[in-house]
Amino acid sequence: MSIICGLPLLECIYCLACARWAWNRCLHTASHDSVTWGLATAEEFEPVPRLCRYILAVYEDNIRHPLWEPPGGYGINPDWLILRKTYEDTRGQAPSYILYLDHEHADIVLAIRGLNLAKESDYQVLLDNQLGKRKFDGGYVHNGLLKAAGWVLDAECEVLKELVEEHPNYTLTFAGHSLGSGVAAMLALVVVQHQDKLGNIDRSRIRCYAIAPARCMSLNLAVRYADVINSVVLQDDFLPRTATPLEDIFKSLFCLPCLLCLRCMKDTCIPEEKMFKDPRRLYAPGRLYHIVERKPFRCGRFPPVVKTAVPVDGRFEHIVLSCNATSDHAIIWIERESQKAMDSLNYD
């Protein structure tokens with residue numbers, strides 16, 4: 001009898017918890033994440049739209065005869081393309097990528113594509129991780145992304161070393177989108193830690209641009225490598241805000257209500273301060289650039305504004321309940337809006 005009487009009470013508690021969670025989520029907008037940040041300058045944001053186009057070029061089978069190029073093209077000289085690796089070349093150990101020698105901007109660019117929904121190997125990279133599974137340089141990183149980065153570095157080490165030594169005034173840039181952003185960030189970490197592999201390249205020459213970044217490193221590493229790694233987030237993008245382990249999301253595809261129930265109860269019953277202080281918790285890496293183009297309770301898009309900071313008290317902690325949460329993750333939209341933002345910065 002006591003069990004039967006207790007069920008309505010438990011049901012009420014759960015409903016109140018869900019209502020609190022939903023209320024907090026509905027009130028949270030993307031502009032809250034960067035409201036106290038400063039504005040980015042044209043000089044520091046300049047590489048972003050260009051690198052987005054380089055990443056888009058990875059999707060082309062033949063760069064000399066492109067099928068999907070954005071307005072204005074990719075900005076790539078086919079004669080400067082050093083190599084292109086497909087999934088057949090990487091044998092599923094890493095996503096497809098290109099190596100491009102950009103003489104115009106004195107840059108050696110390794111650009112990595114995003115998640116391929118049709119490739120099981122990409123899911124395996126994402127699922128190869130558990131909280132606190134992989135330590136690195138006094139912090140924690142995503143195990144699967146680090147392994148993929150190690151494979152790419154081993155495969156291209158000699159080529160990169162030769163290019164770095166032949167062009168001592170060129171920067172070495174790792175750029176990636178979504179899954180590729182995590183691999184690019186891990187590449188930057190490994191190269192900084194093992195500079196001798198690339199002819200003792202100076203740290204100031206190494207940089208990374210993680211577009212729509214995955215949460216792949218602990219907060220102490222994200223802050224310490226902010227001089228090397230830059231993350232770019234468009235408005236409501238869900239991935240940099242997805243604190244729930246990705247393996248739990250994929251395992252729960254057939255029981256999404258159960259996942260939402262557990263997530264709701266966890267957010268309600270566990271204080272945020274306790275979660276944020278967990279040293280194993282992973283975050284979007286490096287310096288953050290947040291492209292804001294929509295305002296709360298306002299219709300339509302506005303001229304994009306780029307806010308930037310190296311936050312040390314959490315970064316993109318809450319998923320934004322928005323119909324644009326997935327579209328803002330698309331590299332095509334990020335390229336368009338970053339170019340608009342760049343044009344606006346140049347005009348100012």
Side-chain angles (χ1 to χ4, degrees), residues 25 27-52 55 114 175-178 180-182 184-185 207-217 219 221-223 225-243 276 281-298 300-348:
R25 288 295 180 269
L27 289 181
H28 182 78
T29 63
S31 58
H32 290 156
D33 293 317
S34 57
V35 66
T36 61
W37 298 5
L39 295 175
T41 64
E43 182 180 4
E44 62 181 319
F45 194 71
E46 179 275 330
V48 173
R50 170 166 50 88
L51 292 172
C52 285
I55 295 170
H177 168 250
S178 189
S181 71
R207 60 181 185 172
C208 168
Y209 285 87
I211 313 298
R215 298 170 73 103
C216 59
M217 63 180 67
L219 187 58
L221 293 179
V223 174
Y225 286 87
D227 62 317
V228 176
I229 304 174
N230 306 279
S231 289
V232 181
V233 179
L234 175 60
Q235 189 82 22
D236 301 334
D237 188 358
F238 76 95
L239 188 61
R241 298 176 168 88
T242 307
F276 297 164
R281 186 178 174 87
L282 303 184
Y283 292 85
R287 170 173 285 277
L288 300 177
Y289 292 91
H290 190 201
I291 305 173
V292 181
E293 57 169 357
R294 294 183 298 275
K295 299 179 181 180
F297 311 111
R298 300 284 294 275
R301 296 175 182 267
F302 294 82
V305 175
V306 183
K307 309 291 283 294
T308 183
V310 185
V312 296
D313 56 349
R315 40 183 71 198
F316 297 117
E317 292 296 348
H318 302 298
I319 293 178
V320 177
L321 296 180
S322 165
C323 58
N324 302 104
T326 54
S327 62
D328 283 348
H329 184 68
I331 183 67
I332 295 176
W333 278 111
I334 298 173
E335 187 274 331
R336 290 177 183 175
E337 297 306 318
S338 63
Q339 185 60 59
K340 289 181 184 178
M342 190 64 213
D343 294 340
S344 177
L345 289 171
N346 285 329
Y347 179 78
D348 294 340

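Using a 4.5 Å cut-off on side-chain heavy atoms (C-beta onward), W333 and N324 make no contact. The shortest side-chain heavy-atom distance between T308 and R287 falls under the 4.5 Å cut-off. Side-chain contact check for P213 versus P285: some heavy-atom pair is nearer than 4.5 Å. Taking the side chain as every heavy atom from C-beta outward, I229 and M217 approach each other to under 4.5 Å. By the 4.5 Å heavy-atom criterion applied to side chains, L51 and I211 are not counted as neighbours.
In this structure, S34 OG and L39 CG are separated by 9.5 Å, a value rounded to the nearest 0.5 Å. Of the inter-residue distances, the one linking Y283 atom OH with L288 atom CG reads 12.0 Å to the nearest 0.5 angstrom. For the atom pair R215 CZ and S181 OG, the distance stands at 12.5 Å (nearest 0.5 Å). Between E337 atom CD and Q235 atom CD the span is 9.5 Å, to the nearest 0.5 Å. In this structure, CD in E317 is found 4.5 Å from CZ in R281, a value given to the nearest 0.5 Å.
Between the side chain of D328 and the backbone N or O of D236 there is at least one donor-acceptor pair closer than 3.5 Å. At least one donor-acceptor pair closer than 3.5 Å links the side chain of N230 to the backbone N or O of C208. A donor-acceptor pair under 3.5 Å is absent between the side-chain atoms of Q339 and the main chain of P49, judged by distance alone. In this structure, the side chain of R315 engages the main chain of A284 through a donor-acceptor pair within 3.5 Å.
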side-chain contact (heavy atoms from CB on, under 4.5 Å) between L345 and F45, worked out: CA-CA 9 Å; L345 289 171; F45 194 71; 4.2 Å; yes
side-chain contact (heavy atoms from CB on, under 4.5 Å) evaluation trace for V35 with K307: CA-CA 8 Å; V35 66; K307 309 291 283 294; 5.5 Å; no
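Partners of E46 by side chain to side chain donor-acceptor pair (under 3.5 Å), not counting sequence neighbours, listed by chain and number: R50. Taking the side chain to side chain donor-acceptor pair (under 3.5 Å) definition, one finds that S338 meets it with nothing, sequence neighbours left out. Qualifying ring pair (Phe, Tyr, Trp, His ring centres under 6.0 Å) partners for Y225, counting only residues two or more places apart in sequence or in other chains: none.
For S178 against L239, the heavy-atom pair with the smallest separation is OG-CD2, 3.8 Å. The two atoms that bring E44 and P47 nearest to each other are O-CD, 3.5 Å, heavy atoms only. Here the shortest heavy-atom pairing between I334 and C52 reads CG2-SG, 4.0 Å. Contact detail for A184 and A175: the closest heavy-atom pair is CB-C, 3.9 Å.
In this structure, H177 and H329 have tilted ring planes: the angle between them lies in the 30° to 60° band. A perpendicular orientation is assigned to the rings of W37 and H290, their planes being inclined by more than 60° (bins at 30° and 60°).
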